[in-house]
Amino acid sequence: MRSRRIVAALLLLVAGCSEPPEQAGFAGLAESGQSPATVPFLQPEPGDRLTFPEDFGPHPQHRIEWWYLTANLETSGGEPLGLQWTQFRQTLEPRPPTQAPPPPSRWPLQAAWKAHGAVSWTGQHRFAEKLARGDVGHAGATAEPFEVWLDDWQLTSEGGSDAWRLQVSAADWSYDLSLRVQGEPVAHGEAGFSAKSASGEGSMYFSLVDIAIEGTVTVDGQTLSVRGKGWFDREWSSQLLKAGQQGWDWFALHLDSGDKLMAFRLREGEGGFVSGTWIPAAGEPVALGPGDLMLTPGSLRGDMPTRWRLQVPDYGVDLSVKAPPGDYRNRGQFPYWESPVSVTGSHSGEGYMELTGYGGE
Amino acid sequence: MQDELLRVRGLAKHFDSGTERVPVLSDIDLTLGGGGSLALMGRSGSGKSTLLNLLCGLEQPDAGVISVCGELFNGRQPRNGRGDSRRWADLRCRHIGVVFQEANLMPAMSLLDNVRLRAGLAGQDPDDCSAWLERLEIGELAGRYPDQVSGGQRQRAALAMVFAMQPALVLADEPTGSLDRHTADDVADELFRLQAKTGCALILATHDAELAARCEQRLDLAHTAPA
Amino acid sequence: MKLFAALLSHYRRHPLQLLALAAMMVVASALWTGVSHLTSQARASLGQSERAVAERAQVERVDGMPVTVADFVALRRAGHCVMPWLEVERPASTGRVVGIDPLAAACFGQPAESYRGWDQPLNGESFLDIREAKNLAAAGDGARATLSLLLSGPPGQPALPEAYRRAPFSLGPDTGELGESFLLNLDALGVLVLLITALLLRSVHQLGLAQRRDSFALLHRFGVPEPAVRRALVIEIVLLAAVCVVPGVALGRLLAGGLGSGFGQALESLFDVPLFAGQGSSWLTPVLTMMAVVLAVCLADQLHFSGRQVIRRLAGQGYRVTLLTLVAGLALAFVSSSLALTFVAIALVFAGAGVLAPGLISELARRCGRASAAPLTRWQCAEIGVLARRLALPLVALQFALAMVLAVQALVTVFEATFDDWLSQRLAADYFIEVPAGADSLAAADWLETQSPLAGSGRWHRVVRGRAILPAVDGWPGQTVDLFALGPVSNMLGTWRLQAAIDAPWEAFSRGQGIMVNEQLARRRQLSVGDSLTLALAGERWTAPVLAVYPDYGRPAGEVLIHAAQLPAGFRPDGESFAISPDTADLDAVTSGLKRVWQTETLSLRDNGRIRALADSVFEQTFLLTRSMTVLTLILAAMALLIMGWVFFTTRVWYYRLLAVWGMGPREVAGQLVRLSVTLTMSIAVLALPLGIWLTWALVHRVNPQAFGWSLPMAVYPEFWFELAGLSLIIGLSIAALMRRQLRQPAAMPVSASGLSGGER
């Protein structure tokens with residue numbers, strides 16, 4: 001009977017029949033009941049530290065984590081092209097990182113993997129999703145050498161640790177990119193502990209904010225040469241959303257001044273919890289708390305607020321952020337908005353915006 | 001009057017109408033000799049047809065004794081019922097002929113076949129049947145079907161059927177009731193002529209006083225019927 | 001409104017007549033809805049199943065080794081959409097389970113639709129998550145696990161890595177067109193049922209009208225114009241239909257729902273695919289159809305259509321026209337080359353037979369009466385004649401129903417037998433052992449020939465499957481056909497039923513003196529035994545005489561059967577296997593021996609007994625269902641005859657009482673009634689027999705080949721005729737019993753001797 005229930009649960013996962021957000025939170029990110037396993041989930045806390053290169057690899061004792069790349073590229077013809085690759089890992093049965101997973105021949109199911117890929121070009125948005133069970137071998141991640149893969153989608157380090165290659169292919173589009181990582185990882189929040197609410201829930205979160213990218217993107221048989229810059233996030237937690245939080249709005253912006261800005265808001269009722277990181281072109285990153293940063297949604301496109309005002313008064317930042325025309329919803333199991341944005345105002349620039357948990361999605 | 005053919009004593013019959021018990025006949029006595037004739041008179045519903053049915057065993061009396069053609073039927077001994085119905089059937093088959101106002105003939109058979117069927121059941125020679133039709137002046141209609149001839153001709157055929165069985169007693173229930181006066185007279189003439197000729201007894205239920213007057217005896221049920 | 005009240009007052013006095021008409025409408029609607037709902041549901045299910053089955057393919061290793069998790073990972077990493085399918089065989093008491101990975105299945109299509117219900121037990125098996133299935137297998141208890149990798153997408157896209165190849169994946173036998181053919185026949189029967197219900201409705205309605213003609217005449221005398229009466233009657237029937245058809249359709253759906261779940265399950269187990277919620281026809285179609293039928297049959301007389309005169313004139317021509325119709329239908333069925341024409345022929349034959357049957361009975365009765373001197377016999381014959389004419393419509397309906405039941409029984413039995421034959425042919429041996437790719441089948445054959453229980457026993461043969469080309473010759477275009485090579489010729493082939501053959505065909509075949517072709521190819525190329533056929537195999541041409549034509553049900557493809565020894569050296573088979581009935585030989589010894597010969601770890605072994613048992617049980621269910629529908633039709637026809645007989649006798653009871661007045665005892669009268677009604681129903685049964693046999697022939701030998709290119713064998717089942725005769729006897733006795741009840745009540749003398757009051761002749 002138990003196995004029947006597991007299959008049913010997996011089917012739910014596959015079929016995208018999400019439970020109401022009050023119960024499970026967006027993408028199952030809120031804590032949902034007690035795990036039957038004897039090994040507990042670990043919850044990030046203030047004071048936790050990042051360790052490299054281990055933290056590029058998976059965290060089997062945390063409920064959820066992701067490897068997230070967004071890129072603002074330009075084709076040889078000068079057209080902007082946005083690109084996303086994400087791989088999620090969801091732990092079903094936590095396991096200490098020191099312990100080896102069961103052998104693949106047992107078809108273990110301690111974790112499930114999911115990968116998202118998207119290309120946004122000329123107002124069109126293409127998206128694909130892949131699923132896999134963990135520890136069988138066709139999906140996984142390792143810190144050294146750094147590799148993240150699901151089926152034939154893969155991010156691999158080539159030669160040195162700062163040269164990566166990303167290959168993703170879907171039915172009618174694909175990309176093959178070389179990434180050159182510049183700069184050190186930026187730890188968000190308190191040395192990597194990024195609070196997600198005033199009461200202390202949070203995640204471990206760091207980014208590589210300066211990545212030079214070049215390669216090819218093929219759409220409908222047409223191969224385009226592209227180059228530009230990327231932003232890579234690593235984040236893990238066992239509870240990202242606390243009860244009552246409906247979703248988040250997240251921004252990663254490359255300003256033409258060379259400064260970078262990460263900002264997010266976890267929505268709760270009318271307000272929410274706001275946080276971010278100011279990464280100046282020169283100097284150390286500065287964590288921005290709720291009092292340092294203002295995020296104001298502007299006009300709606302359907303249900304989605306596609307225009308925003310971002311203010312960081314301390315640094316003279318007052319930005320108008322907007323998505324290009326088009327519909328950038330990733331229509332997977334858990335739909336959300338992921339689009340490139342252009343920045344005007346006190347600074348000009350570009351970046352990426354993610355909007356989750358909106359009713360109309 | 002010749003030997004006694006029919007004797008009825010204390011005959012009574014009622015019908016149940018819902019919970020009510022409706023007496024139809026009570027304390028009927030009558031006697032009829034071979035070759036005799038009796039007219040049953042009375043309004044509609046006075047029990048004429050019921051009496052005829054009792055006299056040929058198609059219905060059973062509540063009380064009374066019927067002696068007919070040498071057979072005795074005692075209405076007070078119902079345990080004898082099964083044997084009675086057999087004896088009645090035999091009597092109707094061979095000795096008691098019944099003529100109704102209408103529909104005396106099987107519709108799917110010719111007049112001749114009808115007469116032959118009736119005579120055959122009575123054990124008479126079917127070959128004589130054409131002669132009976134001739135005697136009733138419908139010989140040329142022998143091959144016709146009942147719905148192809150007139151009402152008078154149908155009743156003549158019915159008479160041919162009854163007399164072809166050479167009955168001892170003929171029970172006729174308004175035999176001319178649905179005919180026009182002229183035809184009715186012709187049919188009645190035939191009936192009395194054949195009765196006289198064959199020497200059978202006749203009980204004729206009618207409300208035609210003129211017809212009743214042609215019978216030797218007369219029983220008016222309006223007088224015997226319970227008030 | 002007053003007029004309407006006056007018309008309805010008839011029913012107040014005779015509520016049973018209204019009830020009979022209403023009941024007939026309800027039951028007829030239910031029956032037809034049931035049949036059509038069932039057919040459409042079955043069709044939908046079959047379609048879905050076939051689509052699902054068509055997509056099933058698996059990946060095998062070219063080196064013949066079983067696939068493993070590593071192969072799964074390698075294929076997924078190479079971008080192929082494969083999913084694991086772990087079959088765990090457990091001891092009989094616990095049954096078989098299949099482990100799947102729903103996450104891997106996601107790439108097979110829209111997961112929400114393709115995989116709904118995979119957690120349901122299927123065909124006695126349960127689907128589990130593959131980890132749980134693996135745990136069960138690992139727990140021991142004699143469980144055995146076999147991993148397959150199911151492959152999505154059309155063949156060749158994308159190309160598999162070199163170490164792998166694509167292979168069909170099927171758990172159940174693929175019945176192909178056999179199911180389609182069955183459905184087509186079910187459709188034909190649905191039309192027949194509609195016809196029968198129409199006849200029954202009309203008969204009951206006509207009877208009601210006849211009984212009310214006196215009231216109509218009265219109304220007419222009171223000065224009500226005839227069109228007004230007609231209008232009122234139309235309104236009455238429309239209202240009655242509206243009230244009765246919808247509950248009838250609901251009842252039919254209920255009936256079909258109950259029976260249909262059986263059909264669904266049957267198909268489900270057959271194709272190993274879950275069926276989705278019943279997708280029968282909507283409400284609208286059956287309601288509108290039945291409304292149309294009711295109105296058409298009941299109001300045909302009310303409408304002044306010009307065809308009536310023609311029909312009347314034709315009817316005046318009587319038997320000449322009827323006979324002509326019948327003969328034309330029979331002839332057309334013989335020569336017709338299209339499905340539509342064959343259905344026209346069937347319609348003509350039924351029309352002819354329907355008009356002829358009551359007339360024939362009544363004519364025979366007339367002759368028999370004329371021939372007899374006994375007055376009572378003449379009366380009986382005359383009465384049977386009347387009954388046959390007056391009850392013509394319900395009698396014809398009963399005749400059609402009997403014929404249909406007969407045909408369905410034969411058809412179903414033939415299907416069962418055919419299916420059995422087909423299984424015997426395809427699964428002649430107890431086991432099939434696949435020759436692994438690259439393995440030497442001839443070495444295995446040599447080895448088998450040395451094994452003492454099998455040597456010379458004729459208990460095994462080698463099967464080679466591939467393709468052959470028929471070059472363009474004599475005006476025939478070139479074509480590719482399936483090639484089926486066998487050798488040595490084993491005893492098991494003796495069970496094949498050949499449609500046409502020379503003397504001792506298998507002896508000639510084993511000496512390599514010719515080839516055999518399947519029926520489809522024979523029909524398509526107009527080949528008969530003795531004709532020569534030229535084949536191109538691996539580039540070599542050779543011509544051989546046709547030794548026999550064998551039936552090959554449910555497949556559209558043409559096929560040539562040759563002796564394996566005649567395969568040219570360069571021939572590349574699609575697949576090779578050994579068919580083995582080890583009998584006394586130890587199967588394990590055979591398989592381990594073959595493993596040694598082929599130096600392989602695994603053998604693909606198919607237990608045909610299990611497949612056959614599954615298929616048998618599936619078809620049993622399906623056929624049971626069809627039978628129950630036809631029996632329901634029969635019951636309806638019998639009911640209609642009972643109602644009609646009962647009403648008719650009410651009008652005629654006076655005349656049967658005359659027999660009692662004339663001195664017949666009650667038993668004797670009852671005996672006469674029994675004789676009449678039984679003679680009537682038995683004559684109808686006798687007349688239904690040739691019609692039923694002909695219908696069987698038409699469905700099996702004309703409709704099926706025209707629709708599918710292969711015929712079913714024709715068979716008759718006399719023992720079933722006796723069952724039907726028994727049923728007719730029971731119907732006759734029931735009518736007599738009903739009539740006898742009426743005789744006990746005193747009868748009113750008819751007011752006139754006219755035809756409407758029971759004085760029919």
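Only this structure's heavy atoms are used, side chains among them; waters, hydrogens and symmetry mates stay out. Naming: A, B, ... by sequence-line order, numbering from 1 per chain.
- Here the closest non-hydrogen pair linking C:Arg131 and A:Leu109 is NH1-N, 3.6 Å.
- Between the SG atom in C:Cys107 and the CG atom in A:Asp151 there is a gap of 7.5 Å [rounded to 0.5 Å].
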Using the salt bridge (Lys or Arg N to Asp or Glu O under 4.0 Å) rule, take A:Arg133 and C:Asp129 through it: C-alpha gap first, then chi angles, then the decisive distance, then the call.
CA-CA 11 Å; A:Arg133 62 170 60 214; C:Asp129 181 69; 2.5 Å; yes
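- Using a 4.0 Å cut-off between a side-chain N of Lys or Arg and a carboxylate O of Asp or Glu, C:Glu132 and A:Arg106 do not qualify as a salt bridge.
- Considering all non-hydrogen atoms of both residues, A:Val136 and C:Val69 come closest at CG1-CG1, 3.8 Å.
- When heavy atoms are compared at a cutoff of 4.5 Å, C:Leu147 approaches chain A solely by way of its side chain, counted from C-beta outward.
- Scanning both residues, C:Ala106 and A:Leu131, for their nearest heavy atoms gives CB-CD1, 3.7 Å.
- The pair A:Asp152-C:Arg77 does not count as a salt bridge, with every side-chain nitrogen at least 4.0 angstrom from each carboxylate oxygen.
- For A:Pro108, the part lying near chain C is the backbone, with the side chain staying farther off; criterion is any non-hydrogen pair under 4.5 Å.
- C:Glu162 CD: 12 or fewer foreign heavy atoms inside a 6.0 Å radius.
- The two residues A:Ala112 and C:Leu103 come nearest to each other via the heavy atoms CB-CD1, 4.1 Å.
- Annotation for A:Glu158: atom CD counts as buried by contact number, over 12 foreign heavy atoms lying within 6.0 Å.
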